[in-house]
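As C-alpha cells, the structure follows; a few thoughts come after it.
Within every chain, numbering begins at 1; the chains are lettered A, B, ... in the order of the sequence lines, protein sequences first and strands thereafter.
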Amino acid sequence: MTDHDIFAALRARTIAALAELLPDLPADAFARVQMEPPRDPSHGDMATNAALVVAKPARQAPPKLAAALAERLAALPEVESAAPAGPGFVNLRLRESLLRAQVPVVLAEGERYGDGRAGAGRRIDVEYVSANPTGPMHVGHCRGAVVGDALANLLAKAGWDVTKEYYINDAGAQVQALAYAAYWRYLQALGTTMDEDAYAQLIPGGLQYKGEYLIPVGQALRDRFGASLASQDPDHRVGLLGPDHWLETVRDFTVERMMEAIREDLAMLGVVQDVFVSEAQLVREGKLEQAEKLLFDKGLIYRGVLEPPKGKTPEDWEPREQTLFRATQFGDEVDRPLRKSDGSGTYFANDIANHLHKIERGFAELVHVWGADHGGYVKRMQAAVAALSGSTVPLDVVLAQIVHVVKDGQPVRMSKRAGTYVTLRDLIDEVGRDAVRFTMLTRKADAQMEFDLDKVVEQSRDNPVFYVQYAHARCRSVLRSAGDPPAGDLALAPLDSLTDPAELALIRRLTTWPRTVEAAAIAREPHRIAFFLHDLAGDFHVLWNKGRDDATLRFIRADEPEATRARLALVAATGTVIRSGLAVMGVTPVEEMR
RNA sequence: GUCUCCGUAGCUCAGCAGGAUAGAGCACCAGAUUCCUAAUCUGGGGGCCGUGGGUUCGAAUCCCGCCGGGGACACCA
C-alpha cells in the first residue's frame, strides 16, 4: 500500500539507483536514506540525503556522489530534473503530471488513502482513560481519553492491529472508600437519623467521596436490597452493620454503576473501547501470584530493605523488609515493592499482573496514555514488562499534561470542594464533542494546554477547529453546487489544466498525507494529524481566495467544463483527505457551516 | 537530593527519528476590499532556538554541565 506514497516510491528508486552505482555496498547501508519535502519549496519537490548517508561506507566525497546520483535520478520518467545541492543533497523536481496523477489515486482509495503498513499487522494494545471508577469523568480525564483514542485510530490507520483497552482500578483502597461513601447514601435513602460526621467517624479513612452523584446509587441500593444491608435499628443509626455483611455487595454494585456512567461519558466523547479489564478480576484469578512466581523463577524477586529516598525523607520513614522486584536490572533507579505490610499486592504488583495478562494475550507492543503525574511510574513499568516478556514486548507511555480550562479569560478552578468541578459532560455540553476532541489534539500531549471555552467555539481563522471544518464545508459546498459528481467519474477527469502554483501546492500537500500518518504513528503523536489538517486547510483556503481575485481560478466555470472537472477532482480529493484525518481524530466532518 | 518533561518571534505553539536561508497563528505595520467564493484578503517587519561545552561534513534536534519552570519520588491508586 505504500506505493500510494510517492515519497516512499521515489526513495525506493533512489536506493535502487544508488545500488547500481555502488554495487559493493551492503543493503543496510541505505537504511538512513530519506526522501522528504524540502523546507524551501524553491529547492524542488523532494530532497534526499542519500549521498550524504552513503558517502562514508562508499568512501566517496558526498558532492561527487550526489552529482552521479542526480544524473541517474534525472533519467527517471517521474523526474523533471535532479540536481546536487549543498553538502551532498539531491533535489528533485517531479513532473507535474506525476503530481496530478496522485489526485485520482486519492479518489480511488477514498478515506483509505494514507493507510500504511508501518504496523505490519502487529497486535498492539492501547490502554487509556483507566480512570478510577469512583466518580464521573472530569476534564482531567478528557485529554487522555482523546489522545488515547486518536492514537489508537492512528495506529490502526498505519497498519497495526489495535485493541482499545480500559483498565478498571477496582481493587484498591479507593473503591473501598467509594463503597463506604455509597453506603452512606444508602443509609440516607433508608432515612437514617445519623449525621454525616458521625458516620465519617465510624469508617476507616473518613468519608472521602461526598459528591451528590452517589445519591442515586444509594437509592438504587435501597430499591434493590431494601434494608437488608443495614442494621435493623429503626432509625438506621446504630453504628454500622459489620462491613462483612455488605461491603463487597455495595462495592461491586457501586463500581458497576460508576462504570456505566463512565462508559456513557466516554460514548458522548465518541470513545468506545474494546476491552475492559478489571483489576479485581485479575486478582481473583491469581494473576498476581502467577506474575510473582514468573519473576521469582527468573531470580528477580527478593526480600530486602530499601534505602530511604535521598534528600527528602518522609516523616514516618522506617526501615522495613519488603518483597522487592529487581527493577534496577532493567534501568529503574531503585527496586520496587510488590507487597504491602499486610501482604496484599501494591498497585504496582497488580499492574504487573495486568501487564502479564496483556503479554499472555499475545500483544506485540503495548502503549499507555497516562497523566503526567504518573511520569515517575514509567520506568518501573517498562522494567516489569521487559522482565515479564524477556524484553520482547516494548511498552510506550504517552504522558498527557494537565489542561487548564479558561472561561471569559479566567481560569476555571478544578475544585471539588468549591463546587466548580468541571465534568466531561459539562464540557461537551458547553462546546460540543468535536470541538473538545479537536482542541485536545492541537498540542503535543506532554505540553500543558489552555482550553479556552470561548475560543474553541469562535468562528474565526485563529480557531483551528473552525478553520479545518470550514475547509471541508467549502469542499462539500463546491461539490454540491456541481451536483455531487461521483468520485469514480472525477477520477477519470483529465487534469492537465491544474497548473496554478496554488493548485500544485495543494496537491503536494495531499501527497504528504501517507508519510504524515506513518511518522505520527511511529512517534505516537496524534497531534501531528491536527497540524497537518490545519496546513491542508490553509492550502485550500488560499486557492479559494485566489478565485476571488482571479475568476479563472474559480472551481466551477460554466465556460470551461474540462477545467471544472479537473478542479472538482482536486476539491473532492481534498475533502477526502480532510475526512480521513478527521476520522483519525474522531471528529465528525461538517457538510456546511451554520 | 534523585528521576522526568519543558525552555524556539511580543504572545500561544510547530519543527517531520541531525540536514540547506528555523516555521504557523495571534499581535504589530502597510496595502486591498462597488465583485462572482469576505465567517475578510495580500504583503511586511520581528528570533545569538535559555546558557556553556562536546560529538558530527552539518545540531533547535544527540551527549554532558549550569540557569529557570512543571511533575513525580517506600507499604496512594
Nearest listed nucleotide, side chain of A:Arg515, among B:C16, B:A14, B:C57: B:C16
Sugar-phosphate, base or nothing in reach of A:Tyr377, heavy atoms under 4.0 Å: base
Minimum-distance nucleotide to A:Lys340 side chain [options: B:C75, B:U37, B:A14]: B:C75
Touch class at under 4.0 angstrom, heavy-atom based, for A:Gln176 against every strand present: nothing
A:Phe89 over B:A20, stacked by centroid distance under 5.5 Å, angle under 30°: yes
Sugar-phosphate, base or nothing in reach of A:His527, heavy atoms under 4.0 Å: sugar-phosphate
Sugar-phosphate, base or nothing in reach of A:Arg443, heavy atoms under 4.0 Å: sugar-phosphate
Gap in Å between the two C1' atoms, one belonging to B:U40 and one to B:A72, rounded: 48 Å
A:Ala85 side chain, from C-beta outward: closest of B:G19, B:U37, B:A20: B:A20
Interatomic distance at C1', B:G10 relative to B:G19, whole Å: 30 Å
Ring-face cation contact, A:Tyr302 with A:Arg326, 6.0 Å cut, 45° max: yes
Test salt bridge (Lys or Arg N to Asp or Glu O under 4.0 Å) applied to A:Asp539 - qualifying residues, sequence neighbours left out: A:Arg509
5' precedence on RNA chain B between A:Gln174 and A:Glu592 (nearest-nucleotide basis): A:Glu592
Nucleotide-level pairing of RNA chain B, given in dot-bracket where Watson-Crick and G-U pairs need both distances under 3.5 Å and | marks other strands: (((((((..((((.....[...)))).(((((.......))))).....(((((..]....))))))))))))....
Aromatic ring proximity A:His541/A:His534, centre distance under 6.0 Å: no
Atom-to-atom span, CZ of A:Phe532 to P of B:G15 - whole angstrom: 15 Å
Separation of atom CD in A:Glu127 from atom C1' in B:A77, rounded to whole Å: 13 Å
Check: B:A24 base within 3.5 Å donor-acceptor of A:Asp535 side chain: no
B:G71 and B:G15, which share atom name P, separated by this distance in whole Å: 23 Å
Of the listed nucleotides B:C6, B:G70, B:C41, the one nearest the side chain of A:Gln448: B:G70
Spacing of A:Arg380 atom CZ relative to B:C76 atom P, expressed in whole Å: 13 Å
Whole-Å distance separating the CH2 atom of A:Trp370 from the C1' atom of B:U4: 13 Å
Selection from B:C41, B:A14, B:A17 that lies nearest to any side-chain heavy atom of A:Lys444: B:A14
A:Met259 side, atom CE; A:Ile168 side, atom CD1 - distance, nearest 0.5 Å: 4.0 Å
Touch class at under 4.0 angstrom, heavy-atom based, for A:Ala47 against every strand present: base
Touch class at under 4.0 angstrom, heavy-atom based, for A:Pro337 against every strand present: sugar-phosphate
Residue A:Glu279, side-chain heavy atoms: nucleotide from B:A74, B:A77, B:C3 that is nearest: B:A77
Value in whole Å for how far the C1' atom of B:G19 lies from CE of A:Met35: 14 Å
Interatomic distance, A:Asp452 CG vs B:C11 C1' [rounded to whole Å]: 14 Å
Nearest-neighbour nucleotide for the A:Lys379 side chain, B:C16, B:A24, B:C3 considered: B:C3
Nearest listed nucleotide, side chain of A:Arg548, among B:C76, B:C41, B:C16: B:C41
Protein-nucleotide distance (A:Arg509, atom CZ; B:G23, atom C1'), rounded to Å: 11 Å
Modelled atom types, side-chain donor and acceptor of A:Thr323 and A:Arg303, under 3.5 Å: yes
Nearest-angstrom distance, C1' atom, B:C26 to B:C67: 30 Å
Ring centres under 6.0 angstrom apart (A:Phe540, A:Phe555): yes
Span that lies between the P atom of B:G25 and that of B:C64, in whole angstrom: 36 Å
Whether A:Tyr377 and A:His374 hold their rings parallel, tilted or perpendicular, with breakpoints at 30° and 60°: perpendicular
Sugar-phosphate only, base, or nothing, as touched by A:Arg528 at under 4.0 Å among non-hydrogen atoms: sugar-phosphate
Residue whose nearest RNA chain B nucleotide is more 5′ - A:Pro87 or A:Asp342: A:Pro87
Touch class at under 4.0 angstrom, heavy-atom based, for A:Leu52 against every strand present: base
Distance-only side-chain donor-acceptor flag, A:Asn354 / A:Glu127, under 3.5 Å: yes
Touch class at under 4.0 angstrom, heavy-atom based, for A:Ala523 against every strand present: nothing
Inter-nucleotide C1' distance (B:G31, B:G45), Å rounded: 15 Å
P-based separation of B:C41 from B:C62 [nearest Å]: 36 Å
Closest listed nucleotide, where the reference is the side chain of A:Asp373 and the choices are B:A72, B:C41, B:C57: B:A72
A:Arg336 charged N/C atom sitting above A:Phe348 aromatic ring, 6.0 Å / 45°: no
Interatomic distance where CD belongs to A:Gln322 and P belongs to B:C76 [whole Å]: 10 Å
Touch class at under 4.0 angstrom, heavy-atom based, for A:Glu307 against every strand present: nothing
Closest nucleotide among B:C76, B:A14, B:A74 to the A:Leu306 side chain: B:A74
NE2-CG distance between A:His355 and A:Leu395, expressed to the nearest 0.5 angstrom: 5.0 Å
Whole-angstrom distance between B:A14 and B:A24, as gauged at atom P: 16 Å
Ring geometry between A:Tyr470 and A:Phe466 (parallel below 30°, tilted from 30 to 60°, perpendicular above 60°): parallel
Aromatic ring of A:His43 stacked on base six-ring of B:A20, 5.5 Å, 30°: yes
